[in-house]
Amino acid sequence: NNERKIVMEYEEENGKRMIYRTYDDTEVSEIVVNIQCPYCGHEWQEDKTECGKTYDLVCGEWSLTGEGCGKEFKMHFDAS
(Lines give C-alpha, C1' and ligand atoms only; values in the text may rest on other atoms or scores of the structure.)
Protein backbone atom coordinates (compact mmCIF):
# COMPACT_ATOMS: atom_id res chain seq x y z
CA ASN A 1 0.00 0.00 0.00
CA ASN A 2 1.61 3.27 -1.16
CA GLU A 3 -0.82 5.68 0.51
CA ARG A 4 0.82 8.49 2.43
CA LYS A 5 -0.59 9.19 5.83
CA ILE A 6 -0.68 12.86 6.75
CA VAL A 7 0.39 13.41 10.32
CA MET A 8 -1.45 16.36 11.77
CA GLU A 9 1.19 17.98 13.93
CA TYR A 10 0.56 21.45 15.21
CA GLU A 11 1.60 24.04 17.73
CA GLU A 12 -0.85 25.89 19.89
CA GLU A 13 -0.54 29.43 21.13
CA ASN A 14 -3.25 31.40 22.92
CA GLY A 15 -5.83 28.74 22.06
CA LYS A 16 -5.15 28.89 18.29
CA ARG A 17 -3.54 26.00 16.43
CA MET A 18 -0.96 26.51 13.70
CA ILE A 19 0.13 23.83 11.23
CA TYR A 20 3.27 23.75 9.09
CA ARG A 21 3.45 22.47 5.54
CA THR A 22 6.33 22.03 3.09
CA TYR A 23 6.71 21.10 -0.57
CA ASP A 24 6.49 17.45 0.51
CA ASP A 25 2.86 18.17 1.48
CA THR A 26 2.08 19.80 -1.88
CA GLU A 27 0.35 18.31 -4.90
CA VAL A 28 -0.69 19.94 -8.15
CA SER A 29 -4.44 20.38 -8.26
CA GLU A 30 -4.75 22.71 -11.25
CA ILE A 31 -2.49 23.75 -14.11
CA VAL A 32 -2.76 27.28 -15.43
CA VAL A 33 -0.95 29.19 -18.15
CA ASN A 34 0.23 32.79 -17.81
CA ILE A 35 -1.37 35.07 -20.42
CA GLN A 36 -0.31 38.52 -21.57
CA CYS A 37 -2.60 40.43 -23.92
CA PRO A 38 -0.78 41.19 -27.20
CA TYR A 39 -2.61 44.54 -27.42
CA CYS A 40 -2.39 46.16 -23.98
CA GLY A 41 -0.07 43.88 -21.99
CA HIS A 42 -2.63 42.99 -19.29
CA GLU A 43 -1.64 39.76 -17.53
CA TRP A 44 -3.73 36.97 -16.02
CA GLN A 45 -3.94 33.19 -15.78
CA GLU A 46 -6.16 30.75 -17.69
CA ASP A 47 -6.84 27.06 -17.13
CA LYS A 48 -7.01 26.41 -20.87
CA THR A 49 -4.11 23.94 -21.20
CA GLU A 50 -5.14 21.23 -23.65
CA CYS A 51 -2.02 20.54 -25.70
CA GLY A 52 -2.25 21.45 -29.39
CA LYS A 53 -5.48 23.44 -29.00
CA THR A 54 -6.08 27.07 -30.02
CA TYR A 55 -8.31 29.16 -27.74
CA ASP A 56 -10.25 32.38 -28.34
CA LEU A 57 -9.60 34.77 -25.45
CA VAL A 58 -10.95 38.21 -24.51
CA CYS A 59 -8.66 40.51 -22.55
CA GLY A 60 -10.20 41.25 -19.16
CA GLU A 61 -13.26 39.04 -19.72
CA TRP A 62 -13.10 37.60 -16.19
CA SER A 63 -11.53 40.62 -14.48
CA LEU A 64 -13.31 41.63 -11.29
CA THR A 65 -11.50 44.99 -11.28
CA GLY A 66 -12.30 46.05 -14.85
CA GLU A 67 -8.74 45.64 -16.08
CA GLY A 68 -8.01 44.72 -19.69
CA CYS A 69 -8.79 46.28 -23.06
CA GLY A 70 -11.61 43.90 -24.08
CA LYS A 71 -9.97 42.95 -27.38
CA GLU A 72 -10.26 39.39 -28.66
CA PHE A 73 -7.23 37.33 -29.63
CA LYS A 74 -6.20 33.71 -30.08
CA MET A 75 -3.81 31.68 -27.95
CA HIS A 76 -2.30 28.39 -29.10
CA PHE A 77 -1.15 26.09 -26.29
CA ASP A 78 1.68 23.62 -26.79
CA ALA A 79 3.34 21.97 -23.80
CA SER A 80 6.72 21.60 -25.51
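Keep in mind that what you see is a predicted model, and the values were worked out from it rather than measured. The first residue in the sequence is number 1, and the count goes up from there.
Using a 4.5 Å cut-off between side-chain heavy atoms of Ile, Leu, Val, Met, Phe, Trp and Tyr, with links allowed through other members, Val32 and Trp44 fall into different hydrophobic clusters. Hydrophobic clustering of Ile, Leu, Val, Met, Phe, Trp and Tyr side chains at less than 4.5 Å, counting indirect connections, keeps Val58 apart from Tyr55.
When all heavy atoms of Cys40 and Cys37 are compared, the closest pair comes out as N-SG, 3.5 Å. Among all heavy-atom pairs drawn from Gly68 and Cys59, the shortest one is CA-SG, 3.5 Å.
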N/O donor-acceptor pairs under 3.5 Å from side chains in residues 70-79, not counting sequence neighbours:
residue : atom : partner : partner atom : Å
Lys74   : NZ   : Asp56   : OD1          : 2.6
His76   : ND1  : Thr54   : OG1          : 2.8
Asp78   : OD1  : Ser80   : N            : 3.2
Asp78   : OD1  : Ser80   : OG           : 3.3
Asp78   : OD2  : Ser80   : OG           : 3.4

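Legend: side-chain hydrogen bond (donor to acceptor under 3.5 Å, both in side chains) pairs involving residues 60-70, not counting sequence neighbours, sorted by first then second residue: Ser63-Thr65, Thr65-Glu67.
Summarising the geometry, atom CD belonging to Glu12 is positioned 5.5 Å from atom CZ belonging to Arg17; distances are rounded to the nearest 0.5 Å. We find the NZ-NZ distance between Lys48 and Lys53 to be 9.0 Å, quoted to the nearest 0.5 Å.
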